[in-house]
Number of protein chains: 2
Amino acid sequence: MDWGGEKTGSTLDMGKRGVKITINDIAKLANVSKSTISRVINNSGPVSEETKRAVVDAMNTLDYHPNEIARSLSLKRTHTIGVIVQDIRNPYYANASWYAERYFRDFNYNSIICNADNDPTVEESFLRAMKFRNVDGILLVGVQEEAGRLLSFNTSNDIPLVMVDREISGSEIFSVVLDNVYGGQLVVDYLFSSGHRRIAFVTSGFTQAERDRLEGYIAAHRNRNMQIDPSFIITQSEEMWHRGECPELMKLLRRKDRPTALFASNDYKALQMLKLLRRSSIDVPEEVSIVGYDDIESSSIIYPSLTTVHQPIDKMIDQGARMLLDIVRGGQPEDRKVIMRPWLVERESTSHI
Amino acid sequence: MDWGGEKTGSTLDMGKRGVKITINDIAKLANVSKSTISRVINNSGPVSEETKRAVVDAMNTLDYHPNEIARSLSLKRTHTIGVIVQDIRNPYYANASWYAERYFRDFNYNSIICNADNDPTVEESFLRAMKFRNVDGILLVGVQEEAGRLLSFNTSNDIPLVMVDREISGSEIFSVVLDNVYGGQLVVDYLFSSGHRRIAFVTSGFTQAERDRLEGYIAAHRNRNMQIDPSFIITQSEEMWHRGECPELMKLLRRKDRPTALFASNDYKALQMLKLLRRSSIDVPEEVSIVGYDDIESSSIIYPSLTTVHQPIDKMIDQGARMLLDIVRGGQPEDRKVIMRPWLVERESTSHI
DNA sequence: CTTTCAACTGGAACCGGTTCCACCTAAGTA
DNA sequence: TACTTAGGTGGAACCGGTTCCAGTTGAAAG
């Protein structure tokens, strides 16, 4: 909780009404030079026990805390991490960003959290802004960046960068990813084993992750030699999803050979679909089963609670954040790429047929 | 989106591989002194058109962006706002913090967002930490601070401070609040007019807001000369709510004269109750009506969707953030206290009887 | 009793900006 | 012609730290 510096007295009334204590005040009181104070604070050079004691005493009596700004200026590091999140309206990422913030704060780093809003342009401008803000490192969470731009940013630049929940295939960029193809297969295999044969996939196809889940969906069909009706793959813009509409899905559901199960590329879309089906008086899971992906908090709160794929986003953030801080501090993480596997959480939105 | 500084070229590859351009480079290239460059950047002194042009040219060719850290050091302002939020696990506040962040960024301020986690001690330590981080101002969102400490912090200190969704009565602290007593009455009046006579109030009683809503609940009863059964007021710790249990409520619901309506002091608790009732197979709203307070996003997504009191948190944040920036920039907001009124949103979790 | 070396310490430059003050120049005024 | 005066500019100090370098000291080694 404490962001660095010594523990202080218990009153909030410090610093004698706005007058800031500087290293010079301590130097004067302890009768030593600035250099020595600095050495004591940073443990960066020999100081006799005696003077050290005097300095610490002086710091305590004046309740001194080094000015981080000045320190940043000479050290050229700001103790700040930039976190760029794909879409903060998606609770999964909202959650992720909070994990990240907490993690960094535990290690005495501030976070600047930015919402890329699914827009590569916005993303690029944040990337640039962060550079000028002198962040020590950047964590890209679920961000969709065209490979080229990001690579040029990264290679031309010395700002450490780690991607979580996304990667740029073939690149050397540090990343923590989930096996989304595997996850997609997981869902379809589960539905198959529950007796479903007509399974639709509903997505915006916007991110690589979503495309990978689709690939898993296709692979699972292929493994069982099942045909896929192309009209069972519904792609529609994020904007439409935010508006809560999906005409194509509604059309599909009016067919007599409609799907018995719907697989949404993420929980957000699954929840929207749930709303749509309720509006059309189609019972879930009695008439149609729904599976999501992400396991956001709402998924377990709503009724029917959502069968979904759980991604250990907290663990992933932990991993990514650890890697990033490693690099920031001059180390080298063992792995450039960590791949984690999601698992299925069975709830009420699916049924056997 | 742009955090200050000029528009730049379109490639992310800037600054010649990590070599930072400083004001001295510009001075050299434009053949003028640092002072003049500074005057051009800040428009803070007379510069001839001719030299100004030369300086701007130089800045463009080298793609120069002033170092914010150095600027902060001499100007003693960091363009950073501290935002302390009561409880980030509560989506209502999660939302609020995002509005705040967005607002400040639009005005070129960074935000440091901290979760007080319902703990005054944590809160105090953040307050202190922010002081040492040299934030330009602090926005307290729904934070529960013992009056004394905060006042001493505020008076001893020159950091501008604005409270949103909470206040310290009798103090001069800038604040934007909702009329929670009014809101509490609103709910009870609505339930009365729907025919309900046995209405329970369920809370943690932790915040002043919740206590005010209770006061409204009581006032509405008094206005109609109705007795309140003391066992209809259920108070239980936040921790228990996070765990999703409420034994006292379950006991109350087993009585034959059980309440016909439950009024939760916020949506989070309402959602937890919904889950509890579902587990006990009590139908909402057929058997028991539920009303929440806050109108968080999930309230409209879940089934049954929640009748609740909508608080224009976005507008409140706007107000509070505007006030704060006003003060930060040396101005004086017209009002020290802005009081806003919530309104009721009728959905599916309540019925007439 | 010198020499050597390590421990300790202070001075000054530096990080990259801002700002006060002094100076110069050219135009306006007495 | 001499005297203001305002516009335009550079120099230097300053913000509050870090760090290199050189100097002092005291004890151990020769």
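The shown structure was predicted, so the numbers you read here are calculated from the model rather than taken from an experiment. In what follows, chains are A, B, ... by sequence order, proteins preceding strands, each numbered from 1.
- Remark: B:Asn31 engages no residue in a side chain to side chain contact (heavy atoms under 4.5 Å, CB included) (not counting sequence neighbours).
- A:Glu167 meets the side-chain hydrogen bond (donor to acceptor under 3.5 Å, both in side chains) test with A:Lys337; sequence neighbours excluded.
- Applying the side-chain hydrogen bond (donor to acceptor under 3.5 Å, both in side chains) rule to B:Asn42 yields the partners B:Ser38, B:Arg71; only residues at least two apart in sequence or on another chain are considered.
- Five base pairs at each end of the helix from C:dC1-D:dG30 to C:dA30-D:dT1 define two local axes, and these are offset by 60° (rounded to 10°).
- Scanning for side chain to side chain contact (heavy atoms under 4.5 Å, CB included) contacts around A:Asp335 gives A:Val338, with sequence neighbours left out.
- Two residues are said to be in side-chain contact when any heavy atoms from C-beta on lie closer than 4.5 Å; B:Asp25 and B:Tyr64 fail this criterion.
- Partners of A:Ala27 by side chain to side chain contact (heavy atoms under 4.5 Å, CB included), not counting sequence neighbours, listed by chain and number: A:Ile37.
- Judged by distance alone, the side chain of B:Arg336 and the main-chain N or O of B:Glu172 form a donor-acceptor pair under 3.5 Å.
- Side-chain N or O atoms of B:Thr22 include one that pairs as donor or acceptor with a backbone N or O of B:Asn24 at under 3.5 Å.
- Of the residues in residues 41-53 of chain A, those with a non-hydrogen atom less than 4.0 angstrom from any atom of DNA chain C are A:Pro46, A:Val47, A:Ser48, A:Thr51.
- For residues 22-38 of chain A, proximity to DNA chain D is found at A:Thr22, A:Ile23, A:Lys34, A:Ser35, A:Ser38, defined as any non-hydrogen atom under 4.0 angstrom from a strand atom.
- In summary, contact between chain A and DNA chain D, defined as any nucleotide atom under 4.0 Å from a heavy atom of the protein, begins and ends at D:dG16 to D:dC20 in the 5' to 3' direction.
- The list of side chain to side chain donor-acceptor pair (under 3.5 Å) pairs with a residue in residues 45-56 of chain B, not counting sequence neighbours, reads B:Ser48-B:Thr51.
- Residues passing the side chain to side chain contact (heavy atoms under 4.5 Å, CB included) test with A:Thr78, sequence neighbours excluded: A:Ser72, A:Thr80, A:Asn134, A:Asp136, B:Ile69.
- Considering only residues two or more places apart in sequence or on other chains, A:Tyr99 meets the ring pair (Phe, Tyr, Trp, His ring centres under 6.0 Å) condition with none of them.
- Within the nucleic acid shown, B:Leu73 comes within 4.0 Å of at least one base atom, counting heavy atoms only.
- The closest side-chain heavy-atom distance from B:Ile84 to B:Met130 is below 4.5 Å.
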